[in-house]
Amino acid sequence: MRKKILTLLILGIVALPMPARQTIQPALKLWYNRPADFFEESMPIGNGKLGALIYGGVKDNTIYLNDLTFWTGKPVDNTTDSTAYRWLPKVREALFREDYALADSLQLHLQGANSQFYQPLGTLHFHDLSSGEATEYRRQLDLDSALCQDSYRKNGIHYTREYFASHPDKLIAIHLKADKRGGIRTKMTLTAQVPHQVKASAGQLTMTGHAMGDANNSIHFCTVVKVDGKDGKVSFRDSTIYLDGLTEATVYIVNETSFNGFDKHPVKEGSPYIEMAMDEAWHTVNYNYETLRRRHVEDYRKYFERFKLALGTLDDKTDYNAIPTDEQLKTYTDKGGGNAYLETLYTQFGRYLLISSSRTPGVPANLQGLWTTHLFSPWRGNYTVNINLEENYWPAEVSNLSEMTQPLFSFMKGLAANGRVSAHHYYGINRGWCSSHNSDLWAMTNPVGEKRESPEWSNWNMGGAWLSQALWEHYAFTQNKEFLKTTALPLLKGASEFMLDWLVENPNKPGELITAPSTSPENEYKTDKGYHGTTCYGGAADLAILRELFANTSKAIALTAPGDKKLKREIDHALARLRPYTIGHMGDINEWYYDWNDWDFTHRHQSHLIGLYPGHHINVAETPALAQAARRSLEIKGDMTTGWSTGWRINLWARLHDGTMAYRLFQKLLTYVSPDNYQGADRRRSGGTYPNLFDAHPPFQIDGNFGGTAGVCEMLVQSSEDWLELLPAIPDAWKNGAVNGLCARGGYEVDMVWRNGKVVKASLKGKTNRLIAVKYNGRIKKVTIKQGKTTVIE
């Protein structure tokens with residue numbers, strides 16, 4: 001019997017009771033020896049809806065507040081542009097007689113309004129009223145607990161402040177403490193950049209106001225800041241609260257807005273935001289600070305601790321935080337890497353940001369995630385659906401944060417509702433739904449541009465189709481058939497129905513299907529006749545998205561709605577007729593129908609490579625010629641690009657099994673970038689990472705953080721529902737390491753330890769029973785996974 005078990009162990013198919021969990025992940029902290037002067041140095045906290053940016057400081061500790069549901073505007077007016085579709089035949093006519101200039105100009109008629117703006121909520125100030133100079137200042141964010149702290153010494157007193165944003169209790173808490181009795185002397189003020197009023201009362205500041213615009217057609221808010229003092233005196237005057245002679249005090253912040261859904265008017269049908277905020281403020285009476293802190297940490301850790309990582313040989317004895325995080329990042333940039341702890345920290349920081357910004361039903365993380373100080377954020381702080389919203393959710397499934405995708409899926413239901421109207425108004429299509437380049441809190445789906453902006457970003461209706469891939473990925477990772485049937489399938493079918501009617505027959509090759517008009521997001525071409533344009537037909541990016549959409553929808557129907565044979569046949573037939581990829585004169589995948597040059601060969605977008613990543617139909621094993629052409633496309637683009645684009649390229653190189661290039665791009669992503677408003681002699685500007693580890697486009701866009709986290713996971717594990725590859729793109733810099741809780745398609749978790757680039761121990765824990773092929777260390781083994789059991793591979 002013992003011999004039989006040994007044989008099964010060697011084959012890697014016996015289930016043992018415990019996984020191989022040997023990851024040593026040091027304490028994960030961002031820390032700084034001074035307060036933040038700029039947004040890009042502040043420390044973010046968030047509970048998925050309410051967030052803050054902690055600047056710290058002594059004389060004026062500034063805290064910017066945000067609420068994910070605080071936007072300008074009101075529900076989409078679905079009566080506008082009801083006959084815009086009449087211009088579509090004219091655009092197609094111009095295209096098919098190769099008059100691209102006319103097509104570009106006619107596209108303006110197929111544009112609607114631009115999105116609304118994400119808005120900052122308010123700013124809380126703590127002004128120290130004591131004299132003297134402060135020393136020993138330290139500010140830190142602990143990723144293991146989602147607790148932020150700062151501390152300093154002044155007049156012989158040691159002061160500490162702790163901050164957290166609690167999801168279970170819908171609040172931000174700030175705990176002030178002095179190590180000598182009566183040492184706290186400070187005043188608190190609350191203000192905002194938007195229209196507002198502030199009132200002070202006993203131990204409380206109350207601020208009400210509304211987003212920019214007409215008060216009768218805007219989201220309103222109520223912020224309550226409540227002080228619980230242990231001793232000393234708490235008083236108020238005008239709109240200020242004074243804390244005098246306290247040893248400890250806790251400040252609670254709650255906020256509610258009148259947002260009541262994408263289709264509800266924020267005033268006429270708004271939520272009772274004042275009553276809700278007051279209820280949440282009174283809720284704090286029921287718990288002490290220690291209890292609220294414990295509830296917060298427990299809630300956060302149940303997600304964060306699922307995934308452990310050590311890139312390189314890390315231990316729990318070395319002080320990896322001997323120097324501040326910003327200095328570590330500068331040194332890493334100047335020396336070209338060599339800090340496995342910082343790389344691990346950065347990867348886990350992406351997971352921290354996703355937990356902190358994506359827990360509100362119907363409101364996913366936006367371009368800013370949750371955090372902005374700008375009255376009008378760059379790119380409106382909106383949902384840019386031609387890459388950026390998709391990239392926000394790339395790490396969710398693979399890094400074991402599947403629940404964080406739920407805001408995206410409920411948001412997509414709003415897109416589908418509005419998208420049916422856009423499908424008819426702009427394209428004359430009465431089946432299914434579509435979404436365009438931008439969206440916002442109100443789930444707008446129309447093509448943007450306001451009839452005056454370039455088609456290169458404005459005239460693009462593939463957003464719904466591309467977002468729909470996240471639905472299938474969620475099923476692939478979770479194997480949740482109820483989700484697939486009730487949530488994913490209706491959205492997948494609607495997106496596919498629209499696209500079936502959007503496709504047209506290729507006039508150059510009867511029987512072949514293409515899109516027309518087509519653009520490749522934000523990129524521009526140069527024709528063989530020298531025309532510099534954006535509108536074309538049969539673009540590779542469109543067809544890549546459609547290949548993924550149709551394949552996923554067909555599989556979803558087969559699994560959950562086998563009676564829907566007619567639609568499945570229609571989808572399968574269209575999939576088989578899609579125009580194939582072509583390879584250009586430079587050996588790259590043609591982005592355009594013809595073998596035209598890009599206007600800018602190093603352009604940040606690489607939308608024609610969607611089939612490689614995040615798609616699956618281009619890969620090294622099954623389509624080697626296309627994989628090689630994709631490699632050539634990346635070589636032509638080079639390494640210098642924006643933050644989010646660098647994040648995408650890490651994943652693309654990983655899918656090509658090139659760990660050297662994937663790691664090189666990861667190092668590029670960790671290039672130190674100075675805060676936007678910093679004007680010192682050593683100012684640094686490029687794509688990369690700000691001192692607080694926020695992604696630098698520049699300016700800040702959070703998608704680069706998420707793309708970077710996803711890229712590290714992609715270098716460690718790649719999967720389909722019937723195969724798994726371990727260390728497919730491991731670089732020499734990470735020849736040793738370990739990971740726990742990495743998720744794979746097919747519904748199981750991977751724990752793994754590797755040395756010298758080879759797996760020395762791995763285990764798989766499944767949610768379902770399945771037989772898979774595992775590729776590792778140059779060999780392939782069949783492995784049986786049992787539901788709820790752990791299968792060890794050695």
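Count residues from 1 along the sequence. Keep in mind the model is a prediction, meaning the values are calculated, not measured. Just so it is clear, the values below take in all heavy atoms, side chains as well, and ignore hydrogens, waters and symmetry mates.
Centroid-to-centroid, the aromatic rings of Phe39 and Phe694 come within less than 6.0 Å. Taking the six-membered ring for Trp and the full ring otherwise, the centers of Tyr393 and Phe706 sit at least 6.0 Å from each other. Between Tyr64 and Tyr55, the ring center distance clears the sub-6.0 Å criterion.
At distances below 3.5 Å, at least one donor-acceptor pair connects side-chain atoms of Thr709 with backbone N or O atoms of Asn705. At least one donor-acceptor pair closer than 3.5 Å links the side chain of Gln119 to the backbone N or O of Met212. Judged by distance alone, the side chain of Gln204 and the main-chain N or O of Val224 form no donor-acceptor pair under 3.5 Å. At least one donor-acceptor pair closer than 3.5 Å links the side chain of Thr689 to the backbone N or O of Leu669. Remark: side-chain polar atoms of Gln193 are paired, donor with acceptor, to backbone N or O of Thr373 under 3.5 angstrom.
Applying the side-chain hydrogen bond (donor to acceptor under 3.5 Å, both in side chains) rule to pairs touching residues 154-164 yields Asn61-Tyr163, Asp128-Lys154, Ser130-Lys154, Gln149-Glu162, Asp150-Arg161, Asp150-Tyr163, Arg161-Tyr163, Glu162-Tyr289, Glu162-Arg293, sequence neighbours excluded. Counting only residues at least two apart or in different chains, ring-ring contact (aromatic ring centres under 6.0 Å, His included) contacts with residues 238-259 comprise Phe259-Trp442. Identified under the salt bridge (charged side-chain N to carboxylate O under 4.0 Å, His left out) test for residues 181-205, with sequence neighbours left out: Arg181-Asp231, Arg185-Asp244.
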**Verdict with supporting geometry, Asp67 and Asn255, side chain to side chain donor-acceptor pair (under 3.5 Å)** = CA-CA 8 Å; Asp67 187 302; Asn255 183 78; 2.9 Å; yes
**Message:** Using the rule given for side chain to side chain donor-acceptor pair (under 3.5 Å), can you reason through Tyr332 versus Glu343, listing the C-alpha separation, both sets of side-chain angles and the distance that settles it, and then say yes or no?
**Reply:** CA-CA 10 Å; Tyr332 181 94; Glu343 294 167 340; 2.6 Å; yes
**Request:** Run the numbers on Met404 and Tyr303 for side-chain contact (heavy atoms from CB on, under 4.5 Å), then give the verdict.
**Result:** CA-CA 10 Å; Met404 305 308 144; Tyr303 300 109; 3.7 Å; yes
**Request:** Would you sort out whether Thr189 and His125 count as a side chain to side chain donor-acceptor pair (under 3.5 Å), showing the intermediate values?
**Result:** CA-CA 5 Å; Thr189 61; His125 294 272; 5.1 Å; no
**Request:** Check the pair Phe221 / Thr223 against side-chain contact (heavy atoms from CB on, under 4.5 Å), numbers first and verdict last.
**Result:** CA-CA 7 Å; Phe221 70 91; Thr223 305; 3.5 Å; yes
**Request:** Step by step, work out the side chain to side chain donor-acceptor pair (under 3.5 Å) result for Asp703 and Gln701.
**Result:** CA-CA 6 Å; Asp703 40 19; Gln701 283 187 201; 3.0 Å; yes
**Message:** Using the rule given for side-chain contact (heavy atoms from CB on, under 4.5 Å), can you reason through Ile355 versus Tyr300, listing the C-alpha separation, both sets of side-chain angles and the distance that settles it, and then say yes or no?
**Reply:** CA-CA 8 Å; Ile355 297 170; Tyr300 170 77; 3.9 Å; yes
**Item:** Derivation of the side-chain contact (heavy atoms from CB on, under 4.5 Å) call for Val267 and His220
**Value:** CA-CA 8 Å; Val267 176; His220 288 243; 4.0 Å; yes
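A heavy-atom distance below 4.5 Å is found between the side chains of Val363 and Leu441. Residues Trp371 and Ile702 form a side-chain contact, since some pair of their non-hydrogen atoms from C-beta on lies under 4.5 Å apart. Phe164 has its side chain out of reach of Cys148: every pair of non-hydrogen atoms, C-beta onward, lies at least 4.5 Å apart.
Expressed to the nearest 0.5 Å, how far NE2 of His167 lies from CZ of Arg359 amounts to 4.0 Å. Rounded to the nearest 0.5 angstrom, Asp326 CG and Tyr672 OH are separated by 6.0 Å.
Annotation: cation-pi geometry satisfied between Arg295 and Tyr287 (NZ/CZ under 6.0 angstrom from ring centroid, within 45° of ring axis). Because its NZ or CZ atom is not both nearer than 6.0 Å to the ring centre of Trp31 and within 45° of the ring axis, Arg139 does not count as a cation-pi partner of that residue.
The 12-atom threshold is exceeded at NZ of Lys49, counting heavy atoms of other residues, nucleotides or ligands nearer than 6.0 Å. More than 12 heavy atoms of other residues, nucleotides or ligands sit less than 6.0 Å from atom NZ of Lys226. By the 6.0 Å contact criterion, NZ on Lys177 is open, its count of non-hydrogen atoms from other residues, nucleotides or ligands being 12 or less.
Across all their heavy atoms, Ile63 and Phe126 have their closest contact at CD1-CE1, 3.8 Å. In plain terms, the two heavy atoms of Leu53 and Ser42 that are nearest each other are CD2-OG, 3.3 Å.
Salt bridge Glu403/Arg306: present, at least one basic N to carboxylate O contact under 4.0 Å. Residues Arg301 and Asp144 are not paired through a salt bridge, judged by the lack of any N-O separation under 4.0 Å between the basic side chain and the carboxylate. Between Arg294 and Glu290, no side-chain nitrogen of the basic residue sits less than 4.0 Å from a carboxylate oxygen of the acidic one, so the salt-bridge criterion is not met.
With sequence neighbours excluded, the residues forming a ring pair (Phe, Tyr, Trp, His ring centres under 6.0 Å) with Phe411 are Tyr383, listed by chain and number. Residues passing the side chain to side chain contact (heavy atoms under 4.5 Å, CB included) test with Ala710, sequence neighbours excluded: Trp394, Pro395, Tyr613, Asn651. Residues forming a side chain to side chain donor-acceptor pair (under 3.5 Å) with Glu133 (at least two apart in sequence, or on another chain): none.
When each of Thr72, Asp440, Asn382 is checked for a side chain to side chain donor-acceptor pair (under 3.5 Å) with Gln116, only Thr72 meets the rule.
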